[in-house]
Amino acid sequence: MREYRILADQRSAEEISDLLLDVGALSAALEDADADSTDEQPLYGEPGLEPQTQAWPRSIISVLTADGFDFQAALDAAVAQAGCEAPKLLETSDVEDQDWVRITQAQFQPSHVSPRLWIVPSWSEPPATDAVIIRLDPGVAFGTGSHPTTRLCLNWLDENLKPADNVLDYGCGTGILAIGAKKLGAGRVTGTDIDPQAVEAARDNAERNGCEADFHLPESMPEGEFSVVVANILANPLKLLAPALLGRVAPGGSLVLSGILARQADEVIAAYRAADPGLPLKLWREENGWVCLAGTRSTQAEA
Ligand SMILES: C[S@@+](CC[C@H](N)C(=O)[O-])C[C@H]1O[C@@H](n2cnc3c(N)ncnc32)[C@H](O)[C@@H]1O
């Protein structure tokens with residue numbers, strides 16, 4: 001059995017993984033290649049890329065194959081079908097047959113992401129503490145707690161959520177923020193994502209965690225305001241989404257944004273101030289060059 005580790009543009013990584021699995025690869029695990037990087041953004045493609053097309057930078061795909069599998073031919077075919085740039089081969093190694101499950105699982109272990117919250121995959125025992133556990137396995141959607149921006153949002157929720165706050169997770173990915181909010185005591189929890197696979201994954205993950213939460217595509221989102229709106233996307237889409245996100249924050253409610261590099265914080269704060277001076281955003285916290293911005297809408301009595 002062989003393991004191949006390839007570096008791919010994050011936008012095509014899932015499709016490449018799926019195509020390799022379709023033609024017989026035994027497993028394909030994705031991890032962020034740039035989780036701790038604050039290099040120029042975007043980290044792929046040409047410098048002139050339009051802001052709307054920026055996505056998360058690069059993924060490492062670890063692919064396990066049986067002996068005799070023609071990995072290069074399978075990769076070439078996947079690249080041709082996906083119409084993307086060819087991933088870069090980082091390394092290959094021989095793997096003992098009995099080790100492949102262990103290798104796959106070793107890539108994702110329990111992690112302590114905020115004072116109370118742990119992310120625990122299905123193959124691990126929960127830590128023997130009074131921790132609040134989110135059960136989550138890596139899959140098709142973004143959000144396993146390995147990225148600093150996800151952890152920043154979870155920490156904001158852990159430290160600031162009030163009992164029975166109702167929460168909107170905008171750009172929910174796996175639903176990790178919605179599930180975390182519910183486990184921390186939120187009331188009604190709703191999530192949305194433009195990616196139908198993410199909406200599906202979030203529903204499955206909420207059910208697996210025994211969390212009552214509903215997830216919708218943006219066009220099917222029910223009307224209504226929330227006491228907490230959290231969105232971990234990227235600076236440019238967040239600026240475009242300002243009216244939509246601000247319109248969802250109830251009087252006295254909070255808006256929490258991440259997916260923003262430290263050097264982009266001022267421009268995002270300015271865009272939101274221009275769209276609605278009644279909800280001033282401030283830097284809440286920074287981790288590894290990524291920031292979380294947060295602010296509270298004044299109540300009618302204060303306005
Ligand atoms: C970085 S992931 C965040 C996932 C998860 N909330 C977390 O914190 O780890 C951003 C998610 O936002 C979604 N997204 C991007 N643009 C969006 C938009 N305009 N409306 C809704 N979701 C969007 C993406 O599909 C992706 O799942």
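Counting convention: from 1, in listed order, for ligands and their atoms alike.
- Close contacts between ligand 1 and N232 involve ligand atoms 1 (C), 2 (S), 3 (C), 7 (C), 8 (O), 9 (O), 10 (C) [criterion: under 4.0 Å to a heavy atom].
- A salt bridge is defined here as a Lys NZ or Arg NE, NH1 or NH2 lying under 4.0 Å from an Asp or Glu carboxylate O, and R285 with E159 meets this definition.
- The distance criterion of under 3.5 Å between nitrogen or oxygen atoms is met by T150 with respect to ligand 1.
- Of the candidates C172, A244, S146, G145, it is C172 that places a heavy atom closest to atom 5 (C) of ligand 1.
- Looking at ligand 1, you'll find an N or O of G171 within less than 3.5 Å of one of its N or O atoms.
- The neighbour count for E267 CD, taken as heavy atoms of other residues, nucleotides or ligands under 6.0 Å away, is above 12.
- With distances taken over non-hydrogen atoms, the option nearest atom 23 (C) of ligand 1 out of I194, L245, L238 is I194.
- In summary, the atoms of ligand 1 found under 4.0 Å from a heavy atom of G173, numbered by their order in the structure, are 4 (C), 27 (O).
- For ligand 1, the atoms closer than 4.0 angstrom to any heavy atom of I176 are 7 (C), 9 (O).
- Atoms CG and OH, on L257 and Y272 in that order, are 5.0 Å from each other to the nearest 0.5 Å.
- Classification of the Y4-F71 ring pair by plane angle, with boundaries at 30° and 60°, yields parallel.
- Residue-level proximity to ligand 1 for T174 is absent, since no heavy atom of it falls below 4.0 angstrom.
- The shortest N/O to N/O separation between T192 and ligand 1 does not fall below 3.5 Å.
- Close contacts of ligand 1 with G143, meaning ligand atoms under 4.0 Å from a residue heavy atom, involve 9 (O).
- Side-chain contact check for N205 and T174: no donor-acceptor pair (N or O, by modelled atom type) lies under 3.5 Å.
- Checking side-chain atoms of T296 against main-chain N and O of S254 turns up no donor-acceptor pair under 3.5 Å.
- Within the 4.0 Å heavy-atom criterion, neither part of L240 lies near ligand 1.
- For E125, the CD atom sits in a loose shell: 12 or fewer heavy atoms of surrounding residues, nucleotides or ligands are nearer than 6.0 Å.
- Partner of R2 under the side-chain hydrogen bond (donor to acceptor under 3.5 Å, both in side chains) criterion, out of D67, T65, D94: D94 alone.
- Interface of Y170 with ligand 1, defined as ligand atoms under 4.0 Å from a residue heavy atom, comprises 20 (N), 21 (C).
- If you look at C153 next to ligand 1, there are no close heavy atoms at all, none under 4.0 Å.
- Aromatic ring orientation, H112 versus W118: parallel (interplanar angle below 30°, classes split at 30° and 60°).
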